[in-house]
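We're numbering straight along the sequence, starting at 1.
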Amino acid sequence: MMRFWVKATFLLCLYGFFKEMKPSEPFLTPYLKAPPMNLTEEQLDNQIYPVWTYSYLVVLFMVFLVTDLLRYKPVIISEGLAYLMTRILLIWARGVLAMQFMQFAYGVATGTEVAYYSYIYAVVDRSHYQVVTSYTRAAVLFGRMLSGVVGQLLISLKVADYLALNYISLVSVSIACLISLFLPKATGNVLLMNTESDSSSEETKTTCLSSWGKTMRTMFRDFVLCYSNKALLRWSLWWAFATCGEFQVENYVQNLWDVIYPSHNHKIYNGGVTAVSHLTGSLVAVGLAYVKINWSLFGELCLGIVSVADAFFLFLSAQTTSIWMAYLMYVLFRTAYTFLITVASLQIARHVEMTRFALVFGINMFASLLLQTILTSIVVDKRGLNLPVLTQFVIYGSYFFIIGAVFLARAVFHMTRVGWRQCWEQRYNQEDQQPLTVITNTEYRDGEENQLI
């Protein structure tokens, strides 16, 4: 008989693959601007796409509070149903209001995704964490890559149109919904336990409320404890600010491409570019496992330099009239971002004990979405500056330049204080010689921070 953790991992990988296998995704903007949708660039930019940002923020906050309480599986089922509703609205609904509801459904789907990445740790033993994490993320990545390849081939060979791609996506997310029903119940991380089998519903309700309150108090205590670590705070700040910028680029890059190279007049290659960007990003992420660099010394310098490079890629994307140059800049931007976010995630994980991973990354994600909401309301929303997409990408480039300049200045100051010669001598990772202190339940002391810089 198949072992429990193997079955759970297999089903979760299948679910992750099918929910991401949406060949229509790289062609969303061309589909919405073409008949029978006939939406304008202004409607997409300023009225429809911003709805995803706002709904994602609200849903993530709610899911963050109740995922443990609901034991993961109901939230994963909700994610699958929201993806299904998104496809249904895209195929059969028409008009700005309907597409705003579509973006809201998509916000619910992406907001509940945190349950997918948390569920597996509640159903498998800790000794299998690394294996199941690799498998589930590989399944998601493979689904995204294959969707780009399939979509591009079907469009380029004129086998299918944009509407047909949405039907394929509908079938794929329907399969994901069905798979989610067969996921085993999570019992390894249960917050609520009812020891009396014949207890009344009122007693159960009281227990739930009491446990929820205790969980909130514990989360606040852990929040204060974790972010008192200055090194963790710095890495988390970059993670939140950069992820905010990446979300904005992902959300509006198809609009940029359509302005540079209108899809109704030309053959486009959005799917192929999406597939290449995921491939190069995954290769960079895997390659980092074999790179020996003392990130404690050179991490901020790397964050600064590559963030400035990201700013250059976005500036050039906003200025070029060549779609191939815009495609290249997107691939370079995605690859650079994947490189940095992998380093940042590893450094954050090194500074936190395992039981607080979800808390720290959840808070970082919420902070990035809050920043994105502010940026969207100012730059994109019709009640704000209501800027055209080319100007938006100049703003996003400036945003990454500021991030890079701050971290670059901080790195130069720190390395000058330590001594450049000493930094060069210590350029390789010193983990084996100097074990890293992680935040535990013991009170964090300022003196320990020197080990983390």
> Restricting to pairs with a member in residues 256-272, which pass salt bridge (Lys or Arg N to Asp or Glu O under 4.0 Å), not counting sequence neighbours?
Replying inline: K33-D258
> Between S24 and Y162, does a side chain to side chain contact (heavy atoms under 4.5 Å, CB included) hold up when you go through it step by step?
Replying inline: CA-CA 7 Å; S24 61; Y162 298 140; over 6 Å; no
> Going through the checks in order, is the side chain to side chain contact (heavy atoms under 4.5 Å, CB included) test met by E25 and R144?
Replying inline: CA-CA 9 Å; E25 204 82 342; R144 291 174 181 172; over 6 Å; no
>> Tell me whether N166 contacts the main-chain N or O of I91 through its side chain, where contact means a donor paired with an acceptor under 3.5 Å.
In response: no
>> Can you see whether Y49 engages T29 through a side-chain donor-acceptor pair at a distance of less than 3.5 angstrom?
In response: yes
> Does some side-chain heavy atom of S377 sit less than 4.5 Å from a side-chain heavy atom of R383?
Replying inline: no
> C177 and L84: which non-hydrogen atoms are nearest, and at how many Å?
Replying inline: SG-CB, 4.1 Å
> Got a donor-acceptor contact below 3.5 angstrom from the S368 side chain to the M365 backbone?
Replying inline: yes
>> On a heavy-atom basis, which atom in L44 and which in P50 lie closest, and how many Å separate them?
In response: O-CD, 4.0 Å
> What's the verdict on side chain to side chain contact (heavy atoms under 4.5 Å, CB included) for Y116 and V75, showing C-alpha distance, side-chain angles and the deciding distance?
Replying inline: CA-CA 8 Å; Y116 172 79; V75 182; over 6 Å; no
> Quick check: does any side chain N or O of Q392 sit under 3.5 Å from a backbone N or O of L387, one acting as donor and the other as acceptor?
Replying inline: yes
> Looking at P23 and V150, what are the two nearest heavy atoms and their distance?
Replying inline: CB-CG1, 4.3 Å
>> Restricting to non-hydrogen atoms, name the atom on F18 and the atom on I179 that form the minimum distance, rounded to 0.1 Å.
In response: CD1-CD1, 3.8 Å
> Do F333 and Y330 have ring centres separated by under 6.0 Å?
Replying inline: no
> Step by step, would you call F315 with F312 a ring pair (Phe, Tyr, Trp, His ring centres under 6.0 Å)?
Replying inline: CA-CA 5 Å; F315 283 141; F312 171 77; 8.3 Å; no
>> Please determine whether the number of non-hydrogen atoms from other residues, nucleotides or ligands lying under 6.0 Å from atom CZ of F101 exceeds 12.
In response: no
> Just how far is it from atom OH of Y337 to atom OG1 of T243, taken to the nearest 0.5 Å?
Replying inline: 3.0 Å
>> For the CZ atom on F241, are there more than 12 heavy atoms of other groups (residues, nucleotides or ligands in this structure) within a distance under 6.0 Å?
In response: no
>> Any non-hydrogen side-chain atom of M99 less than 4.5 Å from a side-chain atom of V96?
In response: no
> How about Y261 and W324: are their ring centres within less than 6.0 Å of each other?
Replying inline: no
> Can any side-chain N or O of Q152 pair as donor or acceptor with the backbone N or O of I268 at less than 3.5 Å?
Replying inline: yes
> Got a sec, which pairs hit salt bridge (Lys or Arg N to Asp or Glu O under 4.0 Å) with one end in residues 316-340, sequence neighbours left out?
Replying inline: E246-R334, E250-R334
>> If you count every heavy atom of other residues, nucleotides or ligands that lies below 6.0 Å from F61 atom CZ, does the total exceed 12?
In response: no
> Okay, side chain of N270, backbone of P26: is any donor-acceptor separation there less than 3.5 Å?
Replying inline: yes
> Just by distance, do the side chain of T376 and the backbone of T373 share a donor-acceptor pair under 3.5 Å?
Replying inline: no
>> Can you tell me how far apart CD1 (I323) and OG (S263) are? Round to the nearest 0.5 Å.
In response: 10.0 Å
> Heavy-atom distance under 4.5 Å between the side chains of L369 and F247, does that happen here?
Replying inline: yes
> Does the side chain of Y399 come under 3.5 Å of the side chain of D310 through a donor N or O and an acceptor N or O?
Replying inline: no
>> Please check: side-chain N/O of T320 versus main-chain N/O of L316, any donor-acceptor pairing under 3.5 Å?
In response: no
> L375 and Q248: which non-hydrogen atoms are nearest, and at how many Å?
Replying inline: CD2-CG, 3.7 Å
>> Rounded at 0.5 Å granularity, tell me how far CG in L57 sits from CD1 in I374.
In response: 9.0 Å
> When the ring centroid of Y327 is compared with that of W257, is the distance short of 6.0 Å?
Replying inline: yes
> Aromatic rings W92 and Y167: how do their planes relate, parallel, tilted or perpendicular, breaks at 30° and 60°?
Replying inline: perpendicular
>> Within the 3.5 Å criterion, strictly below it, is a donor on Q47 or Q100 matched to an acceptor on the partner's side chain?
In response: no
>> Any non-hydrogen side-chain atom of M329 less than 4.5 Å from a side-chain atom of L314?
In response: no
> Side chains of R234 and L303: closer than 4.5 Å at any heavy-atom pair?
Replying inline: no
>> Just so I know, are the side chains of L154 and I168 near enough to count as touching, which here means a heavy-atom distance under 4.5 Å?
In response: yes
>> For M21 and V173: C-alpha separation, side-chain torsions, deciding distance, then whether side chain to side chain contact (heavy atoms under 4.5 Å, CB included) applies.
In response: CA-CA 8 Å; M21 175 53 193; V173 297; over 6 Å; no
>> Does atom CZ (F104) have a neighbourhood of more than 12 heavy atoms from anything else shown, all under 6.0 Å?
In response: no
>> Keeping Y15 on the side-chain end and I76 on the backbone end, is there a donor-acceptor pair under 3.5 Å?
In response: yes
> Which heavy atom in S180 sits nearest to a heavy atom in I77, and how many Å separate them?
Replying inline: OG-CG1, 3.7 Å
> Is the closest side-chain heavy-atom distance between S55 and Q103 below 4.5 Å?
Replying inline: no
> With a 3.5 Å cut-off and no angle check, do the side chains of W238 and S307 form a donor-acceptor pair?
Replying inline: yes
>> If I take atom CG from residue N229 and atom CH2 from residue W235, how far apart are they, to the nearest 0.5 angstrom?
In response: 12.5 Å
> Backbone N or O of Y83 within a donor-acceptor pair of the K19 side chain at under 3.5 Å?
Replying inline: no
> Going by atom types only, do S78 and T112 share a side-chain donor-acceptor pair under 3.5 Å?
Replying inline: no
> Could you give the distance from CG (L332) to CZ (F313), rounded to the nearest 0.5 Å?
Replying inline: 4.5 Å
> Got a second to check how far D161's CG is from F27's CZ, nearest 0.5 Å?
Replying inline: 11.5 Å
>> Taking the side chain as everything from C-beta on, heavy atoms only, tell me whether M85 gets closer than 4.5 Å to L89.
In response: yes
>> Between Y31 and L90 (side chain of the first, backbone of the second, donor and acceptor by atom type, cut-off under 3.5 Å), is there such a pair?
In response: yes
